[in-house]
Amino acid sequence: MSKHDETFFAPCPRGLEAVLRTELEQLGAHDVTDLPGGVACTGPFALCYTINLHSRIASRVLWRVFHGTYRDEHDIFQAAHALPWHQWFPVSHTIKVKVSAQQCPLKSLDYVTLRIKDAVCDRFRTATGGRPDVDTSRPDIRIDAFLDRQTVTFYLDTSGEALFKRGLRTAVTEAPVRENLAAGILRLVGWSTQQPLLDPMCGSGTFLLEAALIARNIPPGLGRCFAFEKLSNFDAREWRALCEAGRVQQRPQSPCAIYGSDIDGAAIQAARTNLKTAGLGDAVALKQADVLAVKPPAGEGMLVTNPPYGVRLGDKEQLAAFYPRLGDNLKGNFASWRAYFFTADWRLAKLIGLTASRRTPLFNGPLECRLFEFRIVRGSMRKQKIADAAAEKKYR
């Protein structure tokens with residue numbers, strides 16, 4: 001770590017720490033360490049520009065401005081009061097303080113939050129004669145504090161809105177998977193843009209949209225605003241250069257190998273709207289179809305989906321009848337495909353009638369889920385090009 005390097009922490013959906021670590025290493029981060037719920041790293045301050053622009057998996061990018069020990073609320077107040085907040089952002093910006101903790105001995109996190117806010121405002125008043133206003137809904141600057149049993153860490157959030165809010169998905173159906181979770185799952189399963197990808201229960205199209213962004217090499221943060229733009233050390237010229245490089249590196253339109261379907265016509269319309277809004281309307285082939293009857297769009301490929309678990313399909317009895325039929329369609333039609341189901345209904349692996357080759361624990365927000373992998377056994381050999389062409393023609 002260079003003496004000019006800063007320390008950052010990028011939270012992510014639990015279970016994706018390892019793939020986020022790899023992504024941050026590829027983006028040029030140093031001293032990359034995965035921790036429960038995220039990844040720590042170091043680098044020049046502009047590294048936070050790069051991660052915010054390019055990371056598909058991080059939820060935020062937090063800039064660490066203090067780490068030290070404490071015994072009580074007064075110690076935390078003193079630590080916060082000693083920091084040069086007025087050098088990092090102007091008094092005219094609104095703030096929000098958020099405190100999270102693990103094994104913290106203090107009685108009230110609400111009181112700790114209040115004391116940190118008071119410390120920040122008092123430091124501003126001493127330095128500038130004024131104090132920043134608090135805005136808990138849309139603040140300019142988010143201040144995060146994390147407490148464990150003995151230490152307190154202060155962060156400035158460089159992202160603002162969470163990074164999974166790409167600003168691309170305008171039409172939403174029920175119970176969507178967050179964008180960074182979908183992108184992380186695609187990375188976790190090893191999907192490459194040369195492989196046909198199918199989501200046969202696509203809903204509003206989150207997996208499809210993330211896959212299309214990856215296929216076109218479009219930075220997910222391009223076109224949205226970030227909190228680092230409101231910090232006093234913001235380098236607008238460097239940021240514009242990064243964005244321009246991101247635009248130049250995009251891949252032109254390529255042959256479509258991303259497919260989506262859903263039994264619900266409204267879901268297909270939502271997916272189509274979202275893809276069109278993102279400028280990716282031609283990147284994905286969509287059709288309305290029942291997953292129990294859908295045929296593969298290519299001779300082999302990867303199926304990735306978030307099946308309903310009691311929300312869209314109804315109660316547990318309906319799902320218990322649905323899973324075996326889903327397995328029958330996969331065995332009958334998807335030989336030589338790899339199928340991945342991300343679900344909170346762990347009965348799927350038992351009822352689908354296939355042997356799961358891998359079960360990966362993941363979280364969708366607070367909901368504990370599993371990503372099940374099924375390798376569908378190849379049937380009789382077919383000439384691949386003929387099979388692919390015939391399957392794609394039938395699919396369209």
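Here, residue 1 is the first one in the sequence, and each next residue gets the next number.
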Should [X] and [Y] count as side-chain neighbours, where that means a heavy-atom distance under 4.5 Å?
X	Y	answer
Leu163	Arg224	yes
Cys104	Phe146	no
Ile352	Leu330	yes
Leu286	Leu208	yes
Phe9	Thr153	no
Thr355	Ser357	no
Trp88	Asn233	no

Original post:
Which pair of heavy atoms, one from Asp72 and one from Leu106, lies closest together, and at what distance?
Top reply: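 Distance-wise, the nearest heavy atoms are CA-CD2, 4.0 Å.
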
**OP:** Would you name the heavy atoms of Pro297 and Leu198 that are closest together and state the gap between them?
**Re:**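 Residues Pro297 and Leu198, closest heavy atoms: CD-CD2, 3.9 Å.
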
With a 4.0 Å cut-off, would you call [X] and [Y] a salt bridge?
X	Y	result
Asp157	Lys96	no
Lys331	Asp328	yes
Glu300	Arg338	no

Original post:
Between Phe89 and Phe124, does the ring centre distance come in under 6.0 Å?
Top reply: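 Between Phe89 and Phe124, the centre distance is under 6.0 Å.
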
**OP:** Taking the six-membered ring for Trp and the single ring otherwise, decide whether the centroids of Phe228 and Trp63 are under 6.0 Å apart.
**Re:**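 Phe228 vs Trp63: aromatic centres not under 6.0 Å.
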
Which class fits the ring pair [X] and [Y]: parallel under 30°, tilted 30 to 60°, perpendicular over 60°?
X	Y	result
His81	Phe77	parallel
Phe154	Trp85	perpendicular
Tyr49	Phe234	perpendicular

Subject >> Any donor-acceptor pair under 3.5 Å from Glu17 side chain to Gly37 backbone >> reply: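 Yes.
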
Original post:
Backbone N or O of Leu27 within a donor-acceptor pair of the His54 side chain at under 3.5 Å?
Top reply: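 Not confirmed, His54 side chain does not pair with Leu27 backbone.
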
Original post:
What's the spacing between Glu23 CD and Glu25 CD if we round to 0.5 Å?
Top reply: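 The distance works out to 11.0 Å.
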
Original post:
Quick one: do the Gln150 and Thr69 side chains pair a donor with an acceptor below 3.5 Å?
Top reply: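 Side chains of Gln150 and Thr69: no pair found under 3.5 Å.
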
Subject >> CD (Glu244) with more than 12 external heavy atoms under 6.0 Å >> reply: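 Enclosed.
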
